[in-house]
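Below is a structure I'd like to ask you about.
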Number of protein chains: 2
Amino acid sequence: MPVNEYYTPEVQGPYELISIGDLELEEGGVLKNVQLAVATQGTLSPERDNAILVTTWYSGTHAIWRDVYIGEDHALDPSKYFIVTVNQIGNGLSTSPHQASSPDEAAAFPHIRIGDDVVAQERLLREHFGITTLALVTGGSMGAQQAYEWAVRFPDKVLRAAAIAGTAQNTPHDFLYTRTLMDEIRSDPRFADGRYASHTEVEQGLRRHARNWGVTGFSTEFWKTQHHRGLGFETMDEFLDGFLEPYFTAMDPNDLLTMAWKWQRGDVARHTNGDLATALGRITARMFVMPISEDMFFPVRDCAAEQRMIADSELRVIDSVSGHLGLFGLEPSYIEQVDRNLRELLAIPVSADARRWTDTTDGYLG
Amino acid sequence: MPVNEYYTPEVQGPYELISIGDLELEEGGVLKNVQLAVATQGTLSPERDNAILVTTWYSGTHAIWRDVYIGEDHALDPSKYFIVTVNQIGNGLSTSPHQASSPDEAAAFPHIRIGDDVVAQERLLREHFGITTLALVTGGSMGAQQAYEWAVRFPDKVLRAAAIAGTAQNTPHDFLYTRTLMDEIRSDPRFADGRYASHTEVEQGLRRHARNWGVTGFSTEFWKTQHHRGLGFETMDEFLDGFLEPYFTAMDPNDLLTMAWKWQRGDVARHTNGDLATALGRITARMFVMPISEDMFFPVRDCAAEQRMIADSELRVIDSVSGHLGLFGLEPSYIEQVDRNLRELLAIPVSADARRWTDTTDGYLG
């Protein structure tokens, strides 16, 4: 397959490719020689107690976290913490369909689950960095799905968790929404069931996929108040054509579909025979649930319902007219709120010895 | 063009095709020999003061109003009122693209505006029925757009207006949403720029269009509470495959696109150089603004903002988990609320002589 420039260090900035070996997949089969693309900032303390894991969202990479969320002026401060951002499998940097040697092989990339990512990340942290306890795991959207999976699956390893704009159990509406995103790509005749030679052939499908994000990714109020003008775009179409469309049309269709399929099925209740309350009851981490006020597909209501099932948790709504894609940090007030909450969460003393359930097994799928 | 059975009286029930002659279009050009498909119930009083105009929404016809909203057990009671339901231009029953004699002609159907419908309806009522004053004009969604257009354009003819789940000025978000609906159809290669021989050729595009409605037409809570099960469908897909997909795949793509283009541009501020407050300030009707609580694209917030600009108006939110497509009357509580509000509105004494502005000109576009 031709190189897709978008996924190179020239575009994404530096990251390290770390092999974690073969990964048995939740859906069956084995993903051979999995490589995780990892960016680290800061220094691991001798006690190995200052590690923060950052997970990535649909289409996202470590770069947006580096640029918007991480820095000495942020809660995720590399002068205090060792911050490990792990690109999710299928995002183009970690092992992904588009890296295959042929279109047929790319189209045959297996289904990946949120649980696969988290198992891979746990192995990476333990074997490569010697980290067995996380001061914090945080992520947005699909990154929140991974944070929840961590807190439920490895409760004795997670001291604190912050789930931004995402849920522990994907909602039916979200499943349908994601399906339309996938349909936009798959319905492009040049997608050819995933056997295209270059992502540029699927430009029309990727463009419609971007437009669909334009409807639901922001909020009704974002458009009504012409918020895009404050971002330097005179018209809606200039904003969509100048921001969202180039963003998504640079990406690989099979990579996006791998993530979308995974997103649709994020669900910690897999560990407890479908019982969400029992799954969330396993969480011992001090947890902040941080929905975005105007999010149209991870609405506050859905996030709040989950938060109420988590013992040591608080609901911290982030006000943002940008809706879900407020995650991009389009407003200064957004990152200020995120920082304020994460600082507060990180300042709460939580000891690895003080966990309520220290006997939790890490049993795979319950 | 082959007959599309969906638009026949066998499917839609009886209606009358009434010629209103040629119609000068707002966008320029003339639509020749316009025929409006009209269903009436009840009897016009000798004083001609009991007429109610019902307008239709995107994809809708008079049939849903007949089946759900009109009857002696409803506020729209044919034993009291003469109820005229006028199918909008382009909906397949009134003059519409698919009635053209060739695919080329169908594809060349001109752009229609909400204002064109309202001008046509006014002419119909005046010339054919001798009606110059409406006891009520009401409609949902695009029907609400028409109700607003009536109240702003012909204030001295409208005593009462009820806008259900729609706005006077289409929002930017709505414009984008509608564009994705249009894209679903237009991106089907067999749509062939509108020059398909039969709507069945565009089934894939129509199916994606239906799926897109499935995401935004209802509400996150509709799906989360599995509301479809109460409607007799076990799974989401059974509901979508058994209800929304057959509903939309029966329709004509060019007809849908004609309505969608019109919907995108509904805006009473055309009459006042873009000044919405001035336009809504023209309304003398007693008006109820009736958004649906869970509507994702005509949210209560947007409807309430317009209501505050209308002098003699009230906001009456209809609670429905079904969201926008609550319009279909999926819940008994929905139609009960609509009836209660419309009964109250109809019971308010409003005299044609007591209007604040009797000097309003009907000047075309202000």
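Numbered from 1 within each chain, the chains take letters A, B, ... in sequence-line order.
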Chain A contact via B/Phe175 - which portion, at a heavy-atom distance below 4.5 Å: side chain

Find the one option among A/Arg301, A/Gln226, A/Met296, A/Met236 whose heavy-atom pairs under 4.5 Å with chain B are most numerous.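 Of A/Arg301, A/Gln226, A/Met296, A/Met236, A/Arg301 has the most heavy-atom pairs under 4.5 Å with chain B.
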
Contact origin within B/Asp237 toward chain A - heavy atom pairs under 4.5 Å: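 When you check distances to chain A, only side chain atoms of B/Asp237 fall under 4.5 Å.
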
Donor-acceptor pair between B/Ser59 and B/Tyr247 side chains, under 3.5 angstrom: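 Looking only at side-chain atoms, B/Tyr247 and B/Ser59 do form a donor-acceptor pair, the distance falling under 3.5 Å.
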
Are side-chain N/O atoms of A/Asp252 and A/Tyr196 paired as donor and acceptor at under 3.5 Å? yes

Mind telling me whether B/His209 and B/Tyr58 have parallel, tilted or perpendicular rings, with 30° and 60° as the class edges?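 Rings of B/Tyr58 and B/His209: tilted, 30 to 60°.
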
Short side-chain donor-acceptor distance under 3.5 Å, A/His324 and A/Asp295: yes

Side-chain donor-acceptor pair under 3.5 Å between A/Thr167 and A/Gln145, yes or no?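 Side-chain D/A pair, A/Thr167 to A/Gln145: absent.
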
Within a strict 4.5 Å, meaning less than it, do heavy atoms of the A/Leu240 and B/Arg179 side chains meet? yes

Can you confirm whether the side chains of A/Trp223 and B/Asp174 place a donor and an acceptor under 3.5 Å from each other?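 Per modelled atom types, A/Trp223 and B/Asp174 side chains form no pair under 3.5 Å.
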
Most contacts with chain A, counted as non-hydrogen pairs under 4.5 angstrom, among B/Pro172, B/Ser219, B/Pro189, B/Gly214: B/Pro172

Is chain A contacted by the side chain of B/Arg211, its backbone, both, or neither, given a heavy-atom distance below 4.5 Å? both

Where on B/Thr220 is there a heavy atom nearer than 4.5 Å to chain A: the side chain, the backbone, both, or neither?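 The answer is both parts of B/Thr220.
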
Which one, B/Asp188, B/Asn212, B/Thr216, B/Thr180, leads in non-hydrogen pairs under 4.5 Å with chain A? B/Thr180

Taking A/Arg208, A/Gln204, A/Glu221 one by one, which has the highest count of heavy-atom pairs under 4.5 Å against chain B?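 Among A/Arg208, A/Gln204, A/Glu221, the one with the most close pairs to chain B is A/Glu221.
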
If I measure from the heavy atoms of chain A, does B/Glu184 come under 4.5 Å with its side chain, its backbone, both, or neither?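 For B/Glu184, side-chain heavy atoms alone lie under 4.5 Å from chain A.
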
